[in-house]
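Encoded as structure tokens, the structure appears first; notes follow it.
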Amino acid sequence: MAGRQAVKAYLDLMSQPCRAVLIFLKNNKIPHTVEHIAIRKGQQKTPEFTKLNPMQKVPVLEDNGFVLTESDAILKYLATVYNVPDHWYPKLPEKRARVDEYTAWHHANTRLHSSTVFLHEVLFPLMMGQPTNPAKLEKALSDLDGTLDKLENMFLKRQAFLCGEDISLADLLAVCELMQPLSSGRDILKNRPKLLIWRSRVQSALSDSFDEAHAIVYRLRDKFTAKL
Amino acid sequence: MASRQAVKAYLDLVSQACRAVLIFLKDNKIPHTVENIAIRKGQQKTPEFTKLNPMQKLPVLEDNGFVLTESDAILKYLATAYNVPEHWYPKMPEKRARVDEYTAWNHANTRTHISTLFLHEVLLPRMGHPTNPEMLEKALSDLDGTLDKLENMFLKRQAFLCGEDISLADLLAACELMQPLCGGRDILETRPKLLSWRSRVQSALSDSFDEAHAIVYRIRDNLNADKLYRYPKQSAL
């Protein structure tokens with residue numbers, strides 16, 4: 001990879017998938033620069049950013065002219081091109097398939113329900129000043145509960161990490177999602193020892209890069225719980 | 001791959017993702033058997049199927065003891081393990097990343113909006129619930145936005161969603177976009193660019209596409225007749 005420029009990551013660290021990308025870059029010491037795009041200020045809708053990504057979404061990765069969106073694709077691309085340790089995205093087809101299985105399932109499950117809780121508990125009421133819809137929040141929490149049951153009882157049934165005995169991209173994506181509700185002081189894992197242990201394992205494996213990426217979540221938590 | 005047993009696919013062909021898996025198996029002549037699981041009869045909730053897949057979802061692939069769910073993962077696994085033509089899931093990182101990019105985007109966009117439309121226009125009425133016109137309108141509007149993006153972004157300068165060749169992305173998308181046909185609605189009919197793309201995809205997939213979609217055509221044709229759709233008898237292939 002000699003002569004290659006550092007990749008450029010366009011991120012808003014309020015976004016769960018953006019944090020996953022940043023953690024992966026840092027943890028694997030992949031040379032990178034970060035351009036912060038603040039969604040709350042509409043910076044993903046500027047003509048400049050829209051030219052880069054017409055979908056107006058983050059994260060976006062730019063690697064020497066190659067522009068890529070979608071955190072799944074970004075992480076898998078980085079894992080392949082930058083020769084990271086195999087456990088992130090194993091080469092063996094059956095092992096790789098397990099990671100692809102989780103990252104697919106993730107969209108309509110972990111990501112969807114975690115985002116919906118965040119929307120109704122933090123974004124609308126605390127950040128946009130709109131009233132909370134208690135029925136919608138209840139439903140979101142209930143859906144998320146179902147997801148957590150499945151994470152515990154299926155993915156983590158007999159193994160230390162979501163896709164096997166080693167940490168992978170699946171754990172990285174999942175943990176960033178499951179940290180999101182902490183923004184309003186809600187620890188959705190607190191009554192679930194199995195998931196708390198899993199989260200600890202993941203945090204240990206990621207050490208500093210995890211806390212650095214999540215600084216914004218902790219800040220929001222402190223800000224919102226101070227109001228109570 | 002000598003002495004490998006045929007893979008087993010657990011499918012309900014009313015499901016878009018299941019059709020994609022079947023088409024891929026047939027088109028690439030991957031030795032397989034199909035076990036039909038009828039969602040409308042609750043067959044995904046039997047103790048036997050639940051043991052196979054606790055998520056109680058389809059499709060499921062079983063390859064010599066290795067059980068895999070999620071159509072994305074199944075297609076990518078088959079493409080890798082069975083040495084199919086490279087265009088399906090290219091090895092070159094930038095090209096592969098484009099396919100991964102679409103298959104990720106597919107979930108919250110094409111798949112979500114198609115499924116919602118199908119729910120409100122076909123499924124709920126068939127179950128005796130009144131159609132909610134507002135929700136149907138919203139589903140159509142959301143889907144319209146998705147179709148705009150498919151046309152103007154993915155297909156902006158290329159023949160297929162991820163490049164000049166057909167890939168897993170086109171297969172997944174084409175199966176999704178056929179679903180509203182169950183309710184007699186061709187969502188691509190006013191969009192020549194997407195119609196051309198769909199033709200290209202159908203040509204590339206020839207017989208396997210129509211075989212897999214026979215059920216969709218049947219449901220569409222039975223719409224005004226008051227009878228339930230039936231599954232075709234499927235022998236081991």
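As the structure is a prediction and not an experimental result, all values here were calculated from the model. Chain letters run A, B, ... following the sequence lines, proteins first and then strands; every chain starts at 1. The figures here come from the full heavy-atom set of this structure, side chains too, leaving out hydrogens, waters and symmetry mates.
- Between atom OG1 of residue T103(B) and atom NE2 of residue H107(A) there is a gap of 7.5 Å, rounded to the nearest 0.5 Å.
- Put simply, the side chain of Y77(A) does not reach to within 4.5 Å of the side chain of R96(B), judged on heavy atoms.
- Using a distance-only test at 3.5 Å, with no hydrogens or angles considered, no donor-acceptor pair links the side chain of E101(A) to the main chain of E70(B).
- Here V67(A) is the residue among I74(A), N153(A), V67(A) with the most heavy-atom pairs under 4.5 Å with chain B.
- Going from atom CD of E94(B) over to atom CG of D63(A) covers 7.0 Å, rounded to the nearest 0.5 Å.
- Summarising the local packing, NZ of K29(B) is surrounded by 12 or fewer heavy atoms from other residues, nucleotides or ligands at distances under 6.0 Å.
- Chosen from L68(A), T80(A), D72(A), V99(A), the residue pairing most often with chain B at heavy-atom distances under 4.5 Å is L68(A).
- The CZ atom of F66(B) sits 11.5 Å away from atom NZ of K95(A), with the distance rounded to the nearest 0.5 Å.
- Of the listed residues (R98(B), K57(B), K76(B), K149(B)), the greatest number of heavy-atom pairs within a distance under 4.5 Å of chain A belongs to R98(B).
- When heavy atoms are compared at a cutoff of 4.5 Å, A108(B) does not approach chain A at all.
- Chain B forms more heavy-atom pairs under 4.5 Å with one residue of E94(A), M154(A), H106(A) than with any other, namely E94(A).
- A 6.0 Å sphere centred on NZ of K193(B) holds more than 12 heavy atoms belonging to other residues, nucleotides or ligands.
- Atom CD of E164(B) is surrounded by more than 12 heavy atoms from other residues, nucleotides or ligands within 6.0 Å.
- Looking only at heavy-atom pairs under 4.5 Å with chain A, the residue among A73(B), A104(B), P93(B), A97(B) that has the most is A104(B).
- For E48(B), the CD atom counts as loosely surrounded, since its 6.0 Å shell holds 12 or fewer non-hydrogen atoms of other residues, nucleotides or ligands.
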